[in-house]
There are 2 protein chains.
Amino acid sequence: MTSPSREPVRPTLEQVAARAGVGRGTVSRVINNSPQVSTEARQRVLAAIRELGYVPNRAARALVTNRTDSVALVLCESDERLFSEPFFASLVRGVSAELADTDLQLLLALSQTGYERDRLDRHLTRQYVDGAMLVSLHGDDPLPEKLEARGVATVLGGRRPSSNQSISYVDIDNRNGARRAVEYLISQGRRCIATITGPQDMSAGVERLAGYEDALRAARITVNPNLIVAGDFTQRSGETSMRELLDRVPDIDAVFAASDLMAVGALTQLRATNRSIPGDVAVVGFDDSLLAQHANPPLTTIRQPVEAMGRRMVRTLLARIADRAAPPTAELMDTELIVRASA
Amino acid sequence: MTSPSREPVRPTLEQVAARAGVGRGTVSRVINNSPQVSTEARQRVLAAIRELGYVPNRAARALVTNRTDSVALVLCESDERLFSEPFFASLVRGVSAELADTDLQLLLALSQTGYERDRLDRHLTRQYVDGAMLVSLHGDDPLPEKLEARGVATVLGGRRPSSNQSISYVDIDNRNGARRAVEYLISQGRRCIATITGPQDMSAGVERLAGYEDALRAARITVNPNLIVAGDFTQRSGETSMRELLDRVPDIDAVFAASDLMAVGALTQLRATNRSIPGDVAVVGFDDSLLAQHANPPLTTIRQPVEAMGRRMVRTLLARIADRAAPPTAELMDTELIVRASA
DNA sequence: TTGAAAGCGTTACCAG
DNA sequence: CTGGTAACGCTTTCAA
């Protein structure tokens, strides 16, 4: 090759050993902080490592140890939601914080399209990481079981719709949170309470609807199907759903939206039809996102302990990595009602 | 099985070969789509793979091929900025889209604290990925050179402050964009134009300030140091900087903020001191984030082609992975002025 | 077209 | 405490 091809030289353990005048084994021990090395040998090895700029080869190590010292946080979500919803920011913050004490590197993997999903599947199952935290899985995704079967420790953030309980999970108590929101509306004297639901292929969507119904039933208010319309967590769906609700039942006096984004959409639509908030219609959201504070009027909503959830997911994952034989665990994190001007 | 200890069994290539009644080599060829395999042998191997649920071991493969089939997008930013600024969402979108044609898995790696930074450094240099795209590096980080030296193809998103040009980069033309913003203010008759800068250890911060000065000089307006105050891209710094500017020079008639977030902070402060916008003071931001549309009044700003930048970074990276000997490239992406109500 | 065999760079188990 | 010697699971010649 005449080209300036500066093939990067990666010194190997063997070269370090040669340079330090010791055997491979000793170098390996030094690298892995084994105490079984004489001070002198250690010095010589460290010097050689420095001089050669030696860096261990991860693949070789992984091959023999079966560990990669990294874990993945898998986000099955459109990057639109991913970055517009504070949920993910808080989650990442919690996960990072909890991982700080560890030597594990955090990798985020996104998978939005089906194609990306397949590629991710392939990568994850090939023992790419020691563990995976899967967030906002849709439908009854078989990925978690697959990963566990392949030896990748797995924890779910948010349950799956099915009651399948073979994989550990940490979830927000969505049902109770929604119930809390609707109870509040009832306590404010509202009686014709509608809801804009989340997608019904996600547990958060299903649970929040269930909580809405719980609260109504507890107050002996009949659940009216006309007051329930399906959204998909987006602002746009909040708008269109609100329009539909008003068409169906013009004298609605309150709405529980299963996400702040949808609540904001509902607000827009309510204003567009000249309804006062909360005078004519009270609105409660879910998430306590930044949007909630800045909405007009500021949104009463349910705050989720997302950061804490991230931390707990990590702890659960670490436990699972440490002991693959332990039975799966389930945990629910409690929510909080944040009262602002919209209800 | 009564024992809960279900140690996951990973069948090896060898077992597949045995089951199919062929040699290791043949199985390997089938997996790698080599045409040099008889149809019959291929069928038998594929059947064996299916029956055993075989998945290749990545570490073993990486060890011999020296490839990992994955690339990292490294984001050296607080998760606050990461998720509040649409910049990163767009970037990820562009990168993902461009990677869709490839078999490369995208991994996001965050590094905010110094500790995380070290861990990331260790991971990246250990041949964890085939290539890395580094975004919003602060100061004169030596990481890129280190990676290239270790054989990891590297591309920068955004230049570094120094003129060091040993690593390929793709950048927004921040200087021209800022200049464009300020020229617009001048064209609107503004003369006492202040600026709230970005951090001066980031090229975006430095360049946008330079563009501000360019425009002023071109219009023969003296650059007044009292009209320049340093922010850090956060909304809070926008507020405090605006307060400081008004203290220093009460009759400011325009402000160019180096980010939308800071511009929004400035708006808040201007309203707090009963100034009309743009009547008394015109405000221009930078980014064209979602915030810009929703600000009160909607923000005139500079739009960056972030998604396109992401795509280009990927193309540059792929080229570099394919040919390590090629000289580093440099590219600037052009910006666009978006006129709204604030100026 | 195919099987056998030689590594790839580490770790881990052995005697010494 | 240490050096030698097996693995680890795969790709890739090299003959056959």
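Just so it is clear: chains get the letters A, B, ... in the order the sequence lines come, proteins before strands, and each one is counted from 1. All heavy atoms count here, side chains included; hydrogens, waters and symmetry mates do not.
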By nearest-heavy-atom nucleotide on DNA chain C, the more 5' of B:A41 and B:L63 is B:A41
Residue whose nearest DNA chain C nucleotide is more 5′ - B:R44 or B:V64:
B:R44
Will you find, in the side chains of [X] and [Y], an N or O donor that is under 3.5 Å from an N or O acceptor?
X: A:Q127; Y: A:T68; result: no
X: B:S111; Y: B:E116; result: no
X: B:S90; Y: B:E307; result: no

So, is B:T26 close to the C:dG3 phosphate, meaning a side-chain N or O under 4.0 Å from OP1 or OP2?
yes
Taking OP1 and OP2 of D:dC10, is either one under 4.0 Å from a side-chain nitrogen or oxygen of B:S28?
no
N/O donor-acceptor pair, side chain A:R29 with base D:dG3, under 3.5 angstrom:
yes
Of the nucleotides [options], which one has an atom closest to the side chain of [X]?
X: A:V22; options: C:dT10, D:dG9, D:dG3; result: D:dG3
X: B:T65; options: C:dT11, D:dT11, D:dC1; result: D:dT11
X: B:R24; options: D:dT2, C:dT10, D:dT11; result: D:dT11
X: B:T12; options: D:dC10, D:dT2, C:dC8; result: D:dC10
X: B:N32; options: D:dC8, D:dT11, D:dT2; result: D:dT11
X: B:Q36; options: D:dT2, C:dT10, C:dT2; result: C:dT2

Atom-to-atom span, [atom1] of [X] to [atom2] of [N] - whole angstrom:
X: B:R67; N: D:dT11; atom1: CZ; atom2: P; result: 10 Å
X: B:Q127; N: C:dG9; atom1: CD; atom2: C1'; result: 9 Å
X: B:I31; N: D:dC10; atom1: CD1; atom2: P; result: 7 Å
X: B:Q43; N: C:dT2; atom1: CD; atom2: P; result: 12 Å
X: A:R126; N: D:dC8; atom1: CZ; atom2: P; result: 21 Å
X: A:R10; N: C:dG9; atom1: CZ; atom2: P; result: 10 Å
X: A:E40; N: D:dC1; atom1: CD; atom2: C1'; result: 12 Å
X: B:L13; N: D:dC8; atom1: CG; atom2: C1'; result: 13 Å

Among A:T154, A:T125, A:D121, A:D141, which residue meets the side-chain hydrogen bond (donor to acceptor under 3.5 Å, both in side chains) test with A:K146?
A:D121
Closest non-hydrogen contact found for B:S70 with A:Y128 is OG-OH, 2.5 Å
